[in-house]
Number of protein chains: 2
Amino acid sequence: MAKNKEVKNLDTSTEEKIIQAASKVFTQKGYVATRTRDIAEEAGINLALLNYYFRSKEKLFQLIMAEKLQLLFSVILPIINNDDLTLEEKVETLVENYINLLVDNPDLPLFVLGEIKANPEGFKDRLQIRKLLQNSSFIRQLRERRPNIEPVQFITSLLGMTVFPFIAKQILFADDKSFKILMEERKVLIAKWAKMILET
Amino acid sequence: MAKNKEVKNLDTSTEEKIIQAASKVFTQKGYVATRTRDIAEEAGINLALLNYYFRSKEKLFQLIMAEKLQLLFSVILPIINNDDLTLEEKVETLVENYINLLVDNPDLPLFVLGEIKANPEGFKDRLQIRKLLQNSSFIRQLRERRPNIEPVQFITSLLGMTVFPFIAKQILFADDKSFKILMEERKVLIAKWAKMILET
DNA sequence: ACATTTTTTAATCATCTGATTAAAATGTTT
DNA sequence: AAACATTTTAATCAGATGATTAAAAAATGT
């Protein structure tokens with residue numbers, strides 16, 4: 001028998017291949033548009049094998065979605081709660097790290113936001129972002145600095161400037177090469193503009 | 001026989017009911033997630049009637065999508081090409097009109113952007129936004145004012161600040177009522193912030 | 001080498017869904 | 001009212017798709 005799953009295929013186990021494939025197809029096409037056959041083909045395996053490893057399309061999707069949410073949270077949470085960072089430092093780090101993440105995962109925003117809209121109830125529990133934000137030192141610093149501005153207005157703008165280009169990529173940008181260059185430029189631009197907003 | 005289709009049902013002809021229903025369901029759920037049966041039910045008619053009026057789901061979708069693109073363009077194009085408006089006036093009007101449009105059609109951005117991503121080829125011809133922008137007086141004014149900033153960087157930020165809240169609504173905002181209030185506030189905020197960016 | 005467990009496959013099922021069809025109902029003109 | 005055109009419906013079809021099954025193949029332990 002093969003008890004140690006870890007020892008088998010050191011490079012890419014079948015399970016890992018499926019997860020990789022599912023991650024790619026799901027984020028590219030979304031849940032409904034994705035056929036389990038697509039994932040199987042992408043993974044280079046048979047369809048039935050998918051249901052052997054993961055009981056259903058839904059289960060596999062939940063796994064991928066949890067991964068993606070974790071990825072997004074892991075960039076935001078440590079920063080907005082870090083009491084050692086000034087407001088300006090938080091903004092800089094947030095923009096820098098977020099753009100880095102999105103350059104490597106350009107499909108992430110539209111995927112996650114689309115799935116949330118398609119099935120809001122399924123995210124009710126997992127998405128307490130608002131509450132996590134509410135109690136963050138980031139919000140506290142924002143309120144201190146600009147008492148007359150709703151923190152959510154500033155955050156929406158910061159996120160909008162950062163995330164929107166990846167959502168509207170197809171429309172606004174010509175080719176992938178220049179897009180990446182512009183996104184690098186954008187790190188300093190957004191940080192500068194955000195700080196201006198905080199100063200006024 | 002009934003030659004004058006217009007005379008029949010003055011309030012809502014069957015065709016109009018179907019279009020209304022399709023508009024609602026498509027923008028809410030997207031193309032693949034929408035079943036023709038959903039549209040029929042929403043319109044209060046039988047399924048076969050859909051294929052009687054519009055030959056197929058695809059045809060009906062194309063009609064709706066064309067409507068929505070037209071809606072979006074009709075807000076942007078007249079403004080960015082209006083030589084009588086200063087750069088600041090363009091920004092103000094653009095933000096004001098766009099938020100007004102999105103408050104009435106909050107599903108529009110995610111719908112259009114999602115469908116473009118799902119089928120980029122189908123939009124290749126219809127989406128010359130980049131070219132339309134390129135030759136606009138808006139771009140010319142931006143280049144004059146801030147020669148050191150790529151116009152697309154500014155435009156992406158302006159659109160991001162304006163459109164993103166409607167895409168991330170579910171995540172960032174608590175309830176619909178406060179959302180609308182904040183979006184009203186946002187008109188002046190974005191205009192102010194955008195003008196600051198242009199000044200520096 | 002043998003037995004046992006794990007992995008993989010081909011074939012099949014049941015359901016969903018877009019579309020069609022034939023016929024009934026409704027409306028219009030004469 | 002009769003004849004004709006238009007509108008609406010119920011029933012059905014064909015293809016796609018998620019899932020299952022039974023059996024073969026491969027890996028592993030003794």
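The side chain of A:T14 lies closest to C:dT8 when the candidates are C:dA19, C:dG18, C:dT8. When the nucleotides D:dG18, C:dT8, D:dT9 are ranked by their closest atom to the side chain of A:Y53, C:dT8 comes out on top. Side-chain proximity of B:K57 to the nucleotides D:dT20, C:dA19, D:dG18 is greatest for C:dA19. Each of D:dG18, C:dT20, C:dT9 was ranked by its minimum atom distance to the side chain of A:R35; first place goes to D:dG18.
Separating the CG atom of A:L49 from the P atom of D:dA25 is a distance of 17 Å, rounded to the nearest angstrom. Atom CD in A:E16 sits about 15 Å away from atom P in C:dT7, given to the nearest Å. Computed from coordinates, the A:F61 CZ to D:dA19 P distance equals 13 Å when rounded to whole Å. Atom pair A:K29:NZ and D:dA16:C1' shows a separation of 13 Å (rounding to whole Å applied). Note: OH (A:Y31) to P (D:dT17) measures 14 Å, nearest angstrom. For the pair B:I18 CD1 and D:dT9 C1', the computed distance is 13 Å after rounding to whole Å. Computed from coordinates, the A:L60 CG to D:dA19 C1' distance equals 14 Å when rounded to whole Å. Rounded to whole Å, the distance from CG on A:N51 to P on D:dA19 is 5 Å.
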Evaluation steps, salt bridge (charged side-chain N to carboxylate O under 4.0 Å, His left out), between B:K169 and B:D176 = CA-CA 9 Å; B:K169 202 176 166 183; B:D176 223 70; 3.2 Å; yes

Does the pair A:L94 and A:L158 meet the rule for a side chain to side chain contact (heavy atoms under 4.5 Å, CB included), with working shown?
-> CA-CA 9 Å; A:L94 218 46; A:L158 189 64; 4.2 Å; yes

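The 12-atom threshold is not exceeded at NZ of A:K24, counting heavy atoms of other residues, nucleotides or ligands nearer than 6.0 Å.
Relative orientation of the A:Y31 and A:F26 rings is parallel, given thresholds of 30° and 60° on the angle between their planes.
Taking only side-chain nitrogens and oxygens, B:T36 never comes nearer than 4.0 Å to OP1 or OP2 of C:dT17. A sub-4.0 Å separation between OP1 or OP2 of C:dT8 and a side-chain N or O of A:Y52 is absent. One finds no side-chain N or O of A:R37 lying less than 4.0 angstrom from the OP1 or OP2 phosphate oxygen of D:dT17. Between B:N46 and the phosphate of D:dA10, there is a side-chain N or O to OP1/OP2 separation shorter than 4.0 Å.
Under the Watson-Crick or G-U wobble criterion, with both distances below 3.5 Å, C:dC13 is paired with D:dG18.
Nucleic acid contact for A:L47: base, since at least one base atom lies under 4.0 Å from a heavy atom of the residue.
In summary, the aromatic rings of B:F54 and B:F61 are positioned with their centroids too far apart to meet the 6.0 Å limit.
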